[in-house]
Every structure is written in C-alpha cells, then in structure tokens.
Colleague: 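Below you'll find the structure I mean.
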Amino acid sequence: MSSQLRTMAEATAKGETVDVLFWVGCAGSFDERYKRVTVSFVNILNKLSINYAVLGEEETCTGDPARRAGNEFLFQMQAISNIQVLNGYGVTKIVTACPHCFNTLKNEYPELGGNYEVIHHSTFLQQLINDGKVKLKDGGEFKGKKITYHDSCYLGRANNVYEAPREVLKALDADLVEMKRCKTTGLCCGAGGAQMFKEAENGKKEINLERIEEAIETGAQIVASGCPFCLTMLADGVKNKEKEGEIEVKDIAELIEKGI
Amino acid sequence: MNYLSQVLFVLTLGIFSYLISQRVKKIANSIKLGRNQWPEGEKAERFREMLLIAFGQKKMFKKWIPGILHFFVYAGFLIINLEVLEFIVDGFAGTHRIFAPLLGGLYPILMNFFEFLAVAVLLACVTFLIRRNILRVERFHLRDMTKWPKLDANLILVIESILMLAILSMNAADQLLQPLNEHYTETGNLFFSSFLMPVFSGMSENSLIILERGAWWFHIIGILGFALYVTYSKHLHIFLAFPNTYYSRFTAKGKIQNMPIVTREVYGMLGVPAPETTGELVDPGRFGAKEVTDLTRKNIMEAFSCTECGRCTSQCPANITGKQLSPRGIMMSVRDRAETLASLPADQREDGKSLLGDYISKEELNACTSCNACVEACPVNINPLEIILEMRRYLAMEESSAPASWNMMFQNIETNFAPWKFPATDRYKWAENVKSE
C-alpha cells in the first residue's frame, strides 16, 4: 500500500489540490500513546484513498490551553499565526482527532479571520460509514463486545456532538453500554480547561478515578474515547485501579482501523 | 368602617409599592455596576428561548419529580395572582368579590380551579420542605449553603404554604357566611375549602367575618410582603429568569469570548495589518476580572437570577471530587459583592476588598475544568464558566499569578509551539511510524 501521507507544503509544491487538512494536534504529534491514534487515523485515510494532507512541522498549538488558563495574548498569537498558515494554503476543510483543537478551530478562529469547515474525526468516520465507503468486516473482533463511550466535554456539551461517535461504535456491531452520567450529563475526565497541564487542586479524589469507576461499573471491556486528554486520563485511571487486563481504553479511530 | 378599610388598603399598597420600588432600584444599581455588554442574538431567537426555558421551564423537567412540583408552584403563583386582581379592586372599591356577578357561572369554576392550584402549591411546598430538611437532598447541604441561604429557602416555602392556607380558610369562612350575610356574594360550592368548613362551623357570624377579613388582609399583606421579601432573597428568579433567558448566549458552549483589544495588540506585535474591526474597541481598563465592575451587566444579572438550587454544583466534577470550587458559590459571591458595592455611595465604591481574593479564591478558579456541566445544568441558563474564565484572565495577564505549571506550559507554547517540552522539529516524527507499516 503506498502511503498518501504528505504535507500541505509538498502538495502545494507539486501543484496538487487537497480536499481536507488533517490537523494532528500536539498530543497526536508528541504523546507516545496518541501518536498511535494519529497513525491509525492516517491508515484509515490511506486505505480509503482520501485526498488529504497534514501541516507537518508547520502546525503549532491552537492556543486552546493558553486561552483556558487565562493567557489571551498567547492564545491569539498562536491563533493568528496558524490562521496565516492555513489561509496561505487556502485550506477550506479540516478534520482533527482532538476535540480541543476542533472546538478552537471551529468556534474561536472565525472571529480572528480563520473560516473553515471543521469536523471531528468521529463525525468524519461516521460520514464515511454512512456513505458506504468504510466496509466493516462481518462478525469482526468487536462483535458483541461491551463497549462504553466516554463523552469528551469539548465534543459533547461544548459542541453537541453526541451521536456521531456512538454511531461509529454501533457500526462495529459492538454492544454499546452507557455510563450513568453520559451525553449532556457526562462527567469530565478531569483534564479540560488546561487541567491537563497542572496538578489537580486539593480534594478528596481525582476526577479520572471517579470517572473510571463508573466505566468499570458498566462491565465494559473497552472504554472508547475521541479525545487525547480523556484517553490519557482514563488509561491512568485503569492503571490506578489495576484493571489493565480487563479493560482497554481506545480511540474510536483505533477500533475502526481494526474493524476494516 | 368601610371607608376606613379602603383608606388602610390604599395606605398599605402605597407603603409596599414604595419599599419594593426602592429595592428594585438598588438591584438595578447593582447590575449596572457591570460593563454594558450583552450577548448578541436575534430577537426572535431570544424570545423563543425565553418562552421555552423561563415560561415553559424546559430544563426543569430533566429531574421530573422536582420539575412537576415546581411547575405547580409556578403555575399557582402566576394564576392565583389573577385572584389578587380582584382583591385589589375590592380593596379600592370596598366591594366584595366584585367579579362574581360579572362572571356568573364562570366564577365558581375559576374559584375551584384556583383552589385546586392552592392545594397543589401547598402539597408541593410541603414536599419541598421534606426534601430539603428530612430527606436532605445533598445539593441543599453543600459547603456553600451556609445559614442564610438555607433559612431563605425554608422561609419561602413556609410563607407560600401559609398564604395558600389563608386562601382556603378565607373561602371556607366565606361559604359559611354566604347564607348569613347578604354582603357575602353567592359563589357556589368551592370544593377544596369546603373541607375546612366543619372546622369553623361552630363560630358566630361576627367571628366568621373577623376570620374571613383577617384571612383576606393576611393574604394581601402576605403577598405584598412576599414581593418585598423576594427582593432580598434568592427567590428573585421568579422575575429575573425571564430577562436572564432572553439574554442567553447562543454560541457553542465551548467558545470563549474574544478580546478584540488583545487582537489589535497581537496584530501590532506580529507586524501584520489588522483586518478592519467592526464596532468600537472599548478599552476595558484591565484585562479580565478582579471586581464585579469588570464583569458584564449580564454576568451580574445572572447572579441575581440564581435561585441557589445547586444543580450546577452537583454536576461539577471539581466539586464532586472535593475541590473548593462550587459554581453556585461563584454566583452567590458575585451577587453578595455587587450588593455590597452598590450600597456604598457612588463616588466611593472602595472598601479595600475585591471579588477576587475576598469573595472568590484562586484555588476555586484553578479547579475548573471548563467542562460546561454547570452551564448545561442551570435551569435558567446562567453561565458561571464565563465569570471563572474572566477571572483567570485577570490572574494570568494582570497578576502573572497563574499556577507555576501553567506558566511552564505558556513558555513551552512560546518556544516550542506545543504545551509540552518537545522540540518543534520532532512534531512530524510520528509520520515515520506510518511509512514503516
């Protein structure tokens, strides 16, 4: 299989047009665990011969954590520089596997001059499944497996994307079970609002443990997520509860890659 | 005798109107402490939201038991107050049940409906008292529910119950008087209050008149007193829920308000010509919020619309896991601070204190995950998150006192363009894993 992975710079140099930019995000670029999700998603894109490109080294932080930690200057420096790059390439459509990047690109860049159609990879995958472009194996390895989906706050409440990731999981023929707190009342993993980058304040308990206990209660073998921060927090929770043998935390792209 | 009661009535109404208008002014002044900025949105869209959320109480029905009970109290409040219209006309004119002959057969139907509502309100209030004090629903007993908010909630429920009992007693006495005294207009059978008639049936005509008049005065003074009390209490939501939902935010919950003043500076720093900005750039004086005067009028109005139900706090991941933060506490602090500042003379609104530090701590602000659970939970669309984020802006940009690890994160973004300390040149290294597969 020849890889179609290329950067915007490479595509532009060859005079090729690009349908969709894959915004990888910092976690997808640097975090060892989430790099595997990036690769899974790219493998899917390649397999389906999607005409896409990435920014490669030209991508920089969207500024999301800076803005949420109160540093508006730094956020806008990042946003305006990124917009210059994106507009320079004439980008019109962006897909990303990070709900934080998704939210910022979609809702916060337009005011600063960046207007794109931005979709999260769960919606992107759902559309491909609906269009019949993704053919999932019959009786694949997820058939009848109990999977629970953890709503990322920045996908769910922040942007009302609740169904797309669930539709994707249903397409795997899996037994989708819900946690008590789900969808609009889903419990945060504890990492949003730049908490990922600091220790939690003093309290009785870590938020990710509160959440993983709820996931364990469902009896699911897989906790599915669509967010790098949630993935880290939940995987840490599983480790803390010493349930590594019984429960896996996976991104939906990884599950689909296996299901194809 | 009749004139005396009319004069007393006019006097009572006058005194209460004056007192209430003074309170309304005070609250308006508190709200006006904020910046005159309101969320954008189409009028039709706003109106629709107000009808759905405030009038239709859509979000209350997420918890259906309190939802239905609250709906009874609310409908009772709105509809039984129609009867107060008759009270007022009678009070001025010295008449008794002036609408009875005018409405004919409709009158007993209406009265019976009002009585049904009165009973429903009474039952709902008693259930609420039980939930609060005996079943001890957790959100009514969290740390931010100190003495006064707890007492306030109970007082309201007790007052409402007594008012409803007064209506029923008044109607019972009235029905006993109708065959005895021609001043008491025939109302037909009033179902619910007729159960109270045996209680009063041994009383003389005079005692019954005293009871009926007493209950009438008690009810009208009770309602006026309640209206005045409401202005001091969390119960203001019965009025403010309407403007508050009208001025809801309609943008995606994840979107943080832009700061155009920063945009202009950043363009300057990058040496790029700024695109033409629409509207005037107002210099905010300081970045973010340290004091209620740095918040918007909408933010402060939200604080006065809060009924301290605690749905927000019971959904807050930080609060659930024992952190200091309570979104309800944030709203209560904003309200307390605004009231304190507004009661100082306009030219010396300085008492050596500020919202940040004296009312809301850094630790609370730093605990927020910006997950929007509080925003989603609020039945009247209050947004505590916006206030939290404005205060974080003050901490980060004016005081440079963000937590040390956040300062590290800022530094990483500035130097490596990523929140972690990885060299920017490693950003595309993941691609090697694709090629090798």
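Within every chain, numbering begins at 1; the chains are lettered A, B, ... in the order of the sequence lines, protein sequences first and strands thereafter.
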Colleague: Against chain A, work out which of L389(B), N416(B), I413(B) has the most heavy-atom pairs shorter than 4.5 Å and name it.
Modeller: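 Sorted descending by pairs with chain A, the first entry is I413(B).
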Colleague: Highest number of heavy-atom pairs under 4.5 Å with chain B: which of A69(A), G56(A), G25(A)?
Modeller: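 Max contact count across the listed options: A69(A).
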Colleague: Between T7(A) and chain B, with a heavy-atom cut-off of 4.5 Å, which part of the residue counts as in contact: side chain, backbone, both or neither?
Modeller: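 Contact with chain B involves both backbone and side-chain atoms of T7(A).
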Colleague: Flag the pair W430(B) / F30(A) as yes when their ring centroid distance falls below 6.0 Å, and as no otherwise.
Modeller: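 W430(B) vs F30(A): aromatic centres not under 6.0 Å.
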Colleague: Flag the one option from R157(A), R181(A), E57(A) with the top tally of heavy-atom pairs under 4.5 Å to chain B.
Modeller: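 Of the candidates given, the most pairs with chain B belong to R157(A).
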Colleague: Could you report the tightest heavy-atom contact between T185(A) and Q315(B), atom names first, then the distance?
Modeller: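 Scanning both residues, the minimum pair turns out to be CB-OE1, 3.9 Å.
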Colleague: Looking at I320(B), I388(B), T251(B), which one has more heavy-atom pairs under 4.5 Å with chain A than the rest?
Modeller: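 Option with the greatest count: I320(B).
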Colleague: Between R67(A), M77(A), E32(A), which has the largest tally of heavy atom pairs under 4.5 Å with chain B?
Modeller: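 Going by pairs under 4.5 Å, I would pick R67(A).
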Colleague: Closest heavy-atom contact between F197(A) and P419(B)?
Modeller: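 Scanning both residues completely, I find the closest heavy atoms to be CE2-CB, 3.4 Å.
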Colleague: For T104(A), is there any backbone N or O sitting under 3.5 Å from a side-chain donor or acceptor partner on K255(B)?
Modeller: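 Absent.
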Colleague: Is it the backbone or the side chain of L74(A) that comes under 4.5 Å from a heavy atom of chain B, or both, or neither?
Modeller: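 For L74(A), the side chain is the part near chain B, not the backbone.
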Colleague: Enter the distance from I80(A):CD1 to T263(B):OG1 here, rounded to the nearest 0.5 Å.
Modeller: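 It comes to 5.5 Å.
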Colleague: Just wondering, do C61(A) and N412(B) contact through their side chains at under 4.5 Å, heavy atoms?
Modeller: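 Not in contact.
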Colleague: Under 4.5 Å, counting heavy-atom pairs only, tell me which of D31(A), T60(A), L112(A) racks up the most with chain B.
Modeller: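 Highest number of heavy-atom pairs under 4.5 Å: T60(A).
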Colleague: Kindly give the heavy-atom pair with the smallest separation between Y154(A) and G254(B), and that separation in Å.
Modeller: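 The pair with the smallest heavy-atom distance is CE2-O, 4.3 Å.
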Colleague: Pick one of side chain, backbone, both or neither for M408(B), based on which atoms fall under 4.5 Å of a heavy atom in chain A.
Modeller: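 Neither part, no heavy atoms under 4.5 Å.
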Colleague: Are there over 12 heavy-atom neighbours, none belonging to K421(B), within less than 6.0 Å of that residue's NZ?
Modeller: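 Not more than 12 within 6.0 Å, no.
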Colleague: Chain B heavy atoms under 4.5 Å from R36(A): which part of the residue, side chain, backbone, both or neither?
Modeller: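 When you check distances to chain B, no heavy atom of R36(A) falls under 4.5 Å.
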Colleague: If I measure from the heavy atoms of chain B, does Q84(A) come under 4.5 Å with its side chain, its backbone, both, or neither?
Modeller: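 Contact with chain B is through the side chain of Q84(A) alone.
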Colleague: Could you tell me which non-hydrogen atom of E108(A) sits nearest to which non-hydrogen atom of I256(B), and how far apart they are?
Modeller: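 For E108(A) versus I256(B), the nearest heavy atoms are OE2-N, 2.7 Å.
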Colleague: Between R393(B) (side chain only) and N71(A) (backbone N and O only), is there a donor and an acceptor less than 3.5 Å apart?
Modeller: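 No, the answer is negative, given that no donor and acceptor are paired below the 3.5 Å cut-off.
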Colleague: With a 4.5 Å heavy-atom cut-off, do P65(A) and M409(B) have their side chains touching?
Modeller: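 Yes. Closest side-chain heavy atoms under 4.5 Å.
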Colleague: Between A79(A) and chain B, with a heavy-atom cut-off of 4.5 Å, which part of the residue counts as in contact: side chain, backbone, both or neither?
Modeller: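 Neither part.
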Colleague: Mind running side chain to side chain contact (heavy atoms under 4.5 Å, CB included) on F417(B) and E59(A) for me, showing each step along the way?
Modeller: CA-CA 8 Å; F417(B) 310 115; E59(A) 192 184 287; over 6 Å; no
Colleague: Given heavy-atom pairs under 4.5 angstrom as the criterion, report whether the side chain, backbone, both or neither of M259(B) touches chain A.
Modeller: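 Both backbone and side chain.
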Colleague: If you measure from CD on Q76(A) to CD on E265(B), what distance do you get to the nearest 0.5 Å?
Modeller: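 Here the rounded value is 10.0 Å.
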Colleague: Looking at every non-hydrogen atom in both residues, tell me the closest pair between A158(A) and A252(B) and how far apart they are.
Modeller: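 Shortest heavy-atom contact: O-CB, 3.5 Å.
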Colleague: Using non-hydrogen atoms only, which part of Y394(B) is less than 4.5 Å away from chain A: side chain, backbone, both, or neither?
Modeller: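 Contact with chain A involves no heavy atom of Y394(B) at all.
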Colleague: Would you name the heavy atoms of I207(A) and A318(B) that are closest together and state the gap between them?
Modeller: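 The pair with the smallest heavy-atom distance is CD1-N, 4.1 Å.
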Colleague: For the candidates C188(A), S81(A), G28(A), G113(A), which exhibits the highest count of non-hydrogen atom pairs separated by less than 4.5 Å from chain B?
Modeller: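 The answer is C188(A).
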Colleague: With a 4.5 angstrom heavy-atom cut-off, is it the side chain or the backbone of F229(A) that approaches chain B, or both, or neither?
Modeller: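 Just its side chain gets close to chain B.
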Colleague: Got a list of side-chain donor-acceptor pairs under 3.5 Å for residues 60-67 of chain B, not counting sequence neighbours?
Modeller:
from   : atom 1 : to      : atom 2 : distance (Å)
K62(B) : NZ     : E376(B) : O      : 3.0

Colleague: Let me see the working for N46(A) and V434(B) under side chain to side chain contact (heavy atoms under 4.5 Å, CB included), right down to the final yes or no.
Modeller: CA-CA 10 Å; N46(A) 289 343; V434(B) 177; 4.0 Å; yes
Colleague: For R286(B), look at atom CZ and say whether over 12 heavy atoms of other residues, nucleotides or ligands are found less than 6.0 Å away.
Modeller: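 Yes, the 6.0 Å shell around CZ holds more than 12 heavy atoms from other groups.
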Colleague: For E210(A), is it the side chain, the backbone, both, or neither that has a heavy atom closer than 4.5 Å to a heavy atom of chain B?
Modeller: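 Just the side chain, heavy atoms under 4.5 Å.
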Colleague: Using non-hydrogen atoms and a 4.5 Å limit, figure out which bit of E72(A) sits close to chain B: side chain, backbone, both or neither.
Modeller: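 Both parts, heavy atoms under 4.5 Å.
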Colleague: Is R427(B) paired with E58(A) through a side-chain N to carboxylate O contact shorter than 4.0 Å?
Modeller: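 A salt bridge is absent here (no side-chain N lies under 4.0 Å from a carboxylate O).
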Colleague: Of all the residues in residues 364-373 of chain B, which have a heavy atom that comes within less than 4.5 Å of a heavy atom in chain A?
Modeller: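 Contacts with chain A: N366(B), A367(B), C368(B), T369(B), S370(B), C371(B), N372(B), A373(B).
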Colleague: Please identify each residue that fulfils side-chain contact (heavy atoms from CB on, under 4.5 Å) with D236(A), with sequence neighbours left out.
Modeller: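 side-chain contact (heavy atoms from CB on, under 4.5 Å) check on D236(A) returns N208(A), T232(A), K239(A).
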Colleague: How long is the straight-line distance from CG of L5(A) back to CD of E432(B), given to the nearest 0.5 Å?
Modeller: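 CG of L5(A) is found 11.0 Å from CD of E432(B).
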Colleague: Output yes when K323(B) and E201(A) qualify as a salt bridge under the 4.0 Å nitrogen-oxygen rule, no when they do not.
Modeller: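 A salt bridge is absent here (no side-chain N lies under 4.0 Å from a carboxylate O).
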Colleague: Return each pair, listed once, that meets salt bridge (charged side-chain N to carboxylate O under 4.0 Å, His left out) where at least one residue sits in residues 400-420 of chain B; pairs must be two or more places apart or across chains.
Modeller: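 Found none.
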Colleague: Apply side chain to side chain contact (heavy atoms under 4.5 Å, CB included) to V54(A) and Y428(B), showing your working.
Modeller: CA-CA 9 Å; V54(A) 296; Y428(B) 195 35; 3.5 Å; yes
Colleague: When only pairs under 4.5 Å are counted, which of C153(A), S29(A), G203(A) shares the most heavy-atom pairs with chain B?
Modeller: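 Maximum pair count with chain B is reached by S29(A).
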